[in-house]
Undergrad: 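Sharing a structure below in structure tokens format, with a few things to ask.
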There are 2 protein chains.
Amino acid sequence: MGYQLELRHFTYFLAVAEELHFRKAAERLFISQPGLSRQIKQMEEIIGAELFIRNKRNVSLTVAGEYLKKEIAYIFNHIDFTVKQTALIDKGSEGEVRIGFLGSAIQTVIPELLVKVDEEYPKIQFSLEEMSNYDQVKAIVSDELDIGFVRLARVPDGVCIKEIQTDTFSLVLPKDHLLNKESFKSVAQVSSEHFVLFSSDYSSIYYNKIMSICEDKGFTPIVSHKSVHAQTIFKLVESGLGVAIVPTSLQYGFDLNVKFLEIPNITQKAELSVIWKEDNRNPALEKVKKFL
Amino acid sequence: MGYQLELRHFTYFLAVAEELHFRKAAERLFISQPGLSRQIKQMEEIIGAELFIRNKRNVSLTVAGEYLKKEIAYIFNHIDFTVKQTALIDKGSEGEVRIGFLGSAIQTVIPELLVKVDEEYPKIQFSLEEMSNYDQVKAIVSDELDIGFVRLARVPDGVCIKEIQTDTFSLVLPKDHLLNKESFKSVAQVSSEHFVLFSSDYSSIYYNKIMSICEDKGFTPIVSHKSVHAQTIFKLVESGLGVAIVPTSLQYGFDLNVKFLEIPNITQKAELSVIWKEDNRNPALEKVKKFL
DNA sequence: AATAATTAATAACTATGGGTTATCAATTGG
DNA sequence: CCAATTGATAACCCATAGTTATTAATTATT
């Protein structure tokens, strides 16, 4: 009375259901026959159903027992899988890593990372979302994101940052613009044009860097439009609404009618960094961090 | 070492996972806190994964623990149902089929189905529960329901859907409303009245259909109230808070002071569908499916 | 800064009940 | 009719779930 069903009962039941012989089943389970008999009887009482028909010389399953046998096999299978999966997740060799990125990181850095991780941990999955610097930092802090690819100088307490790539800057012009690779010597040559820039979000380091490129060459750019998405900026340039300065690696992967001219003789570099939360509890992140 | 996972561990784990507090969880389980602590620790050793993070002042789930919690809830549900089914089968029943339905399906379709099944399989039992579209889909997916009667256009992967009835729409008016069978020619006649509608849940197909009936006749209804239950809608209409458009079959089975006027000259039909899960393991469902 | 009140973990114990051995009653086969 | 084999019963034992008492660590209160 008041007993509780346990997996032990299921194990014993399956053995008897397969052997259809209490002594043999008991042997297989390395327990004594009376012990087994009693557990099965208890099980029948708990469930409230007769599972076996014993007529002193042979044992057979009832219809209810037949049904239960199928289900228990399924349940055990499910539990085994779940337990194994749980251990894998704990060890980080399975699970999901949520990545945020600026458009300019998707061309080179991220694909390389994914390939390397996939080689060693093929069961780790990724979710990718293009986000602004600001949103990434917020999402990292609130544990909605595991890794962010940003262009920032400072991050809040508890967030780690590591520089992983430096890039040169390029001037982006409409395809039919007069300037070309040979004639382009300095950004000062476009000092009178309108500029399309990335919005300054969270940290203004990126925005300021581009301003300083111009100021170093003796002029302050006239900013006509701002956007967070590279695609949009290129479209604006293509439409003749201005010129832009962006990291050089952005020239790959888009199919637009603009030309890139790498800017010579400047000290500014576009630095791409990875960020993650120090006490992030996703074990899969540990594995991925090795590749950063 | 050499210990075996038991359902007891799962029960205890769930209690701690829900309370996130060892003492409170122990109280709920009517055992002592140290006993619980030891069982959880043992469980972590057996599985080979850290399930909780205890830092002396508060307890939280690890990612692996989070995963396990979800799965265990599912496993328990499955075991409970299996045990109940086994007992039912033992008692000569061929099992239970759990049915969910929208209020508007109980008048005609479900009684017909039950009678037909009962003729051929008098030993199959039914449990019936009125539920919203959304709740039915959720319950079907999590194996808490075998069959649902819904008004939906799309269902998630793994769920089957079959249209089984089309119905006309009727306008529902207070008993003393001026309009009657003879004078009612078009819904446009009530374009200035307030409308009481079914809430749009999960899929908005049903809601949109009613809106389109009005729009086809050249007006947008003023929606003053929404409800999921037919009974409530009728009560609101009766009280003079608005008029309603519902499937015609709803006029039977309620005893309210409202009148139904079938809407003429419209193309919209109210389609009722049955849904069930593709890999549902309830053998009684197989037998019932033939009658759908 | 000192004290009180929390938390979960440890240690040592107690007793429930799973598992044991010994035996029985029933069936079958030579 | 006796030997052999079946599962069930009865009485015992001991592993371990669960107990009480205590500790270590942390936070809140004075």
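Chain letters run A, B, ... following the sequence lines, proteins first, then strands; residues in each count from 1. All values below come from the heavy atoms of this structure, side chains included, with hydrogens, waters and symmetry mates left out.
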Undergrad: Counting side-chain heavy atoms from C-beta on, which of C/dA8, D/dG18, C/dT10 comes nearest to B/Arg38?
TA: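 Selected nucleotide: D/dG18.
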Undergrad: Would you say the side chains of B/Asn280 and B/Asp146 form a donor-acceptor pair under 3.5 Å?
TA: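 Looking only at side-chain atoms, B/Asp146 and B/Asn280 do form a donor-acceptor pair, the distance falling under 3.5 Å.
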Undergrad: Between A/Ile110 and A/Phe101, does the side chain to side chain contact (heavy atoms under 4.5 Å, CB included) criterion hold? Intermediate values first, please.
TA: CA-CA 9 Å; A/Ile110 292 181; A/Phe101 60 94; 3.3 Å; yes
Undergrad: Does C/dA9 have OP1 or OP2 sitting under 4.0 Å from an N or O in the side chain of B/Ser37?
TA: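 Checking C/dA9 against B/Ser37, a side-chain N or O does come within under 4.0 Å of OP1 or OP2.
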Undergrad: Rounded off to whole Å, could you give me the CD1-to-P distance for the B/Ile31 and D/dT16 pair?
TA: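 Rounding to the nearest Å, CD1 of B/Ile31 and P of D/dT16 are 17 Å apart.
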Undergrad: Answer with base, sugar-phosphate or nothing: what part of the nucleic acid does B/Glu6 contact at a heavy-atom distance below 4.0 Å?
TA: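 Answer is nothing: B/Glu6 stays at 4.0 Å or more from every strand.
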Undergrad: Indicate whether the side chain of A/Arg8 and that of B/Gln4 have a donor and an acceptor atom separated by less than 3.5 Å.
TA: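 There is no such pair (donor and acceptor under 3.5 Å, judged by atom type) between the side chains of A/Arg8 and B/Gln4.
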Undergrad: Figure out the CG/P separation between A/Leu36 and D/dT9, and round it to whole Å.
TA: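 These atoms are roughly 14 Å apart.
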Undergrad: Is any side-chain nitrogen or oxygen of B/Lys41 closer than 4.0 Å to OP1 or OP2 of C/dA8?
TA: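 For B/Lys41, the contact criterion (side-chain N or O under 4.0 Å from OP1 or OP2 of C/dA8) is not met.
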Undergrad: Tell me whether A/Arg151 is salt-bridged to A/Glu271, with the criterion being a basic N under 4.0 Å from an acidic carboxylate O.
TA: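 Between A/Glu271 and A/Arg151 there is no salt bridge, as every charged N stays at least 4.0 Å from the carboxylate O atoms.
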Undergrad: Hey, does B/Tyr12 reach any base, or is it just sugar-phosphate, or nothing, if we go heavy atoms under 4.0 Å?
TA: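 B/Tyr12: backbone/sugar contact only, no base atoms under 4.0 Å.
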Undergrad: So, OP1 or OP2 of C/dT7: does either fall under 4.0 Å of a side-chain N or O from B/Lys24?
TA: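 So the side-chain polar atoms of B/Lys24 never come under 4.0 Å of the phosphate oxygens OP1 or OP2 of C/dT7.
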Undergrad: Give a yes or no on whether a salt bridge exists between B/Lys69 and B/Glu66, defined as a side-chain N under 4.0 angstrom from a carboxylate O.
TA: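 A salt bridge is absent here (no side-chain N lies under 4.0 Å from a carboxylate O).
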Undergrad: Let me know the distance between CE of B/Met43 and C1' of D/dA17, rounded to the nearest Å.
TA: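 Whole-Å distance recorded here is 16 Å.
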Undergrad: What is the distance from CG of B/Leu5 to P of D/dA17, rounded to the nearest Å?
TA: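 Taking CG of B/Leu5 and P of D/dA17, I get 12 Å after rounding.
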Undergrad: Side chains of A/Lys290 and A/Tyr121: is there a donor and an acceptor less than 3.5 Å apart?
TA: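 Looking only at side-chain atoms, A/Tyr121 and A/Lys290 do form a donor-acceptor pair, the distance falling under 3.5 Å.
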Undergrad: Any side-chain N or O of A/Arg23 below 4.0 angstrom from OP1/OP2 of D/dT6?
TA: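 So the side chain of A/Arg23 is within the cut-off, an N or O lying under 4.0 Å from OP1 or OP2 of D/dT6.
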Undergrad: In this structure, how many angstroms lie between the C1' atom of D/dG7 and the CD atom of A/Glu27, rounded?
TA: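 Distance check: A/Glu27 CD to D/dG7 C1' gives 14 Å.
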Undergrad: When you measure from the side chain of A/Tyr3, which nucleotide among C/dG18, C/dT7, C/dA9 comes out closest?
TA: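 Looking only at heavy atoms from C-beta outward on A/Tyr3, the closest nucleotide is C/dG18.
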Undergrad: Whole angstrom is fine here: how far is it from CZ in B/Phe22 over to P in C/dA8?
TA: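 B/Phe22 atom CZ is separated from C/dA8 atom P by 7 Å.
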Undergrad: Are B/Gln42 and D/dA17 close enough that a side-chain N or O sits under 4.0 Å from OP1 or OP2?
TA: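 True: B/Gln42 side-chain N/O within range (under 4.0 Å) of D/dA17 OP1/OP2.
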Undergrad: Between atom CD in A/Gln39 and atom C1' in D/dT9, what is the gap in whole Å?
TA: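 Rounded to the whole Å, the gap is 15 Å.
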Undergrad: Between C/dA8, D/dT19, D/dA8, spot the one nearest the side chain of B/Val59, thanks.
TA: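 So the side chain of B/Val59 is nearest to C/dA8.
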Undergrad: Tell me if the side-chain of A/Gln33 makes a donor-acceptor pair with the base of D/dA8, cut-off 3.5 Å, by modelled atom types.
TA: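 A donor-acceptor contact between them is present.
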Undergrad: Of the candidate nucleotides C/dA8, D/dT9, C/dG19, which contains the atom at the shortest distance from the side chain of A/Pro34?
TA: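 Nearest listed nucleotide: D/dT9.
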Undergrad: Could you please name the option among D/dT19, C/dA8, C/dG18 that lies closest to any side-chain atom of B/Ser32?
TA: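 Minimum distance to the B/Ser32 side chain belongs to D/dT19.
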Undergrad: May I have the distance from A/His21 (atom NE2) to D/dT6 (atom C1'), rounded to whole angstrom?
TA: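 Value for this atom pair: 7 Å.
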